[in-house]
Protein chains: 2
Amino acid sequence: MKRSYEELTKELKMKNIRLSHQRLKVLEYLTIHMDHPTVDQIYNGLHKEIPTLSKTTVYSTLSALADAGLVRIINIEDNEARYDIRVADHGHFKCESCGTIYDFQANIDSLTTVDLKRFDIKDKNLYFKGCCPTCLVGKNEASLSK
Amino acid sequence: MKRSYEELTKELKMKNIRLSHQRLKVLEYLTIHMDHPTVDQIYNGLHKEIPTLSKTTVYSTLSALADAGLVRIINIEDNEARYDIRVADHGHFKCESCGTIYDFQANIDSLTTVDLKRFDIKDKNLYFKGCCPTCLVGKNEASLSK
DNA sequence: TTATTATGTTGTAATGATTACAATATTGAT
DNA sequence: ATCAATATTGTAATCATTACAACATAATAA
Ligand SMILES: [Mn+2]
Ligand SMILES: [Mn+2]
Ligand SMILES: [Zn+2]
Ligand SMILES: [Zn+2]
């Protein structure tokens, strides 16, 4: 959900992150594009508005935001990180056919395991892979027409 | 657990994977080293025995074994994939201090979610990050001596 | 066993995401 | 407005992974 500059500014200040035009814009981009964008997508999306933007800045900004807990880094694919403004626990489903990454609710906290009794858990990640409903329809049609 | 060549050969034949010295050795390496090794570790470990081994072969072999479901690729870290001979569902805990990746039991199937009712789920992954008991001891001692 | 063909292996070069770094610009505080 | 601390930028370096072509090996049948 898109948030106002005032809200975003407040969030950055609360986390002691210095204010800058680039950081606000990256943060805003993530609130508008909740589809787990890549660095390239963020960079290209903002490049129109901010022609001087450097990709290095996008990387360093995302790194700072992740350290502060304002964004989450998703490493489902081996080749490219994705970024998520939703930091509350939820699972991710990646469709191997169309590449879309879906959110899903899951009670990850219910997975308490005796094996990790003495471990200090800081971060929990859950992701599934497979085929999404939209792509399943396409596959069924393809097999019918054979 | 280490398995005999006969067992490993049988597993490859069952999956219709052509037999080769390199493939058997990679598979054997994974049964001996269950600590989720990287490609580099596998390559260096086998290089002594097989001086002609190529890193490309390690990659292609692991890719073939993963396609056949004989090994699992773990993408916890953004920079380097790790490989696991344990294909049964289990979770991974990565200690951010020492880098060790621990296995833990977790009933991942209990996480059925209504959000994925119509999805075809092929693969489930669960991983946590934090600090392991061994490293926690070191941290406590460090804070005491301050 | 030998010949034939398909597939695997190897070394090298290319790819591409991420990081390092130094010069410059901006921020926040005085 | 000044100043010190920090952020941004552009470029080059890093490094895991992949592409590819020459060569080697495995499966199959004669
Ligand atoms: Mn998400
Ligand atoms: Mn494991
Ligand atoms: Zn899909
Ligand atoms: Zn540790």
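Computed from a predicted model, the values in this text were never measured in an experiment.
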Task: Note: B:Asp89-B:Arg72 ion pair, threshold 4.0 Å (strictly below) - done: yes
Task: Ion pair A:Lys55/A:Asp40, N-O distance below 4.0 Å - done: yes
- [ ] For A:Ala81, answer base if it contacts any base atom (sugar-phosphate contacts may also be present), sugar-phosphate if it contacts only those atoms, and nothing otherwise; contact means non-hydrogen atoms under 4.0 Å.
- [x] sugar-phosphate
Open item on the list: Between B:Lys10 and B:Glu7 (salt bridge meaning N to carboxylate O under 4.0 Å), is one present in this structure?
Closed with: no
Task: Segment of DNA chain C, first to last nucleotide, that comes within the 4.0 Å heavy-atom reach of chain B - done: C:dA6 to C:dT12
Task: Spacing of B:Glu80 atom CD relative to D:dT14 atom P, expressed in whole Å - done: 17 Å
Open item on the list: Are more than 12 heavy atoms, taken from residues, nucleotides or ligands other than B:Lys48, located less than 6.0 Å from that residue's NZ atom?
Closed with: no
TODO: Would you mind reading off the distance between A:Glu77 atom CD and D:dT17 atom P, rounded to a whole angstrom?
DONE: 14 Å
Task: Charged N-O contact under 4.0 Å between B:Asp35 and B:Arg82 - done: no
Open item on the list: Heavy atoms within less than 4.0 Å of DNA chain D: which residues of residues 7-36 of chain A have one? Give them sorted by number.
Closed with: A:Arg18, A:Ser20, A:Gln22, A:Arg23
Open item on the list: Other residues, nucleotides and ligands only: do more than 12 of their heavy atoms fall within 6.0 Å of NZ on B:Lys117?
Closed with: no
TODO: Check whether any side-chain heavy atom of A:Asp103 sits under 4.5 Å from a side-chain heavy atom of A:His36, and report yes or no.
DONE: yes
- [ ] For the pair B:His33 and B:Tyr29, name the ring-plane relationship: parallel under 30°, tilted 30 to 60°, perpendicular over 60°.
- [x] parallel
Open item on the list: With ring-ring contact (aromatic ring centres under 6.0 Å, His included) as the criterion, how do A:Phe119 and B:Phe128 come out once you've worked through the C-alpha distance, each side chain's angles and the decisive distance to 0.1 Å?
Closed with: CA-CA 10 Å; A:Phe119 287 65; B:Phe128 295 173; 9.9 Å; no
Open item on the list: For DNA chain C, which residues of residues 43-59 of chain A approach it to below 4.0 angstrom with any heavy atom?
Closed with: A:Thr56, A:Tyr59
Task: Donor + acceptor pair across side chains of B:His90, B:Asp84 (<3.5 Å) - done: yes
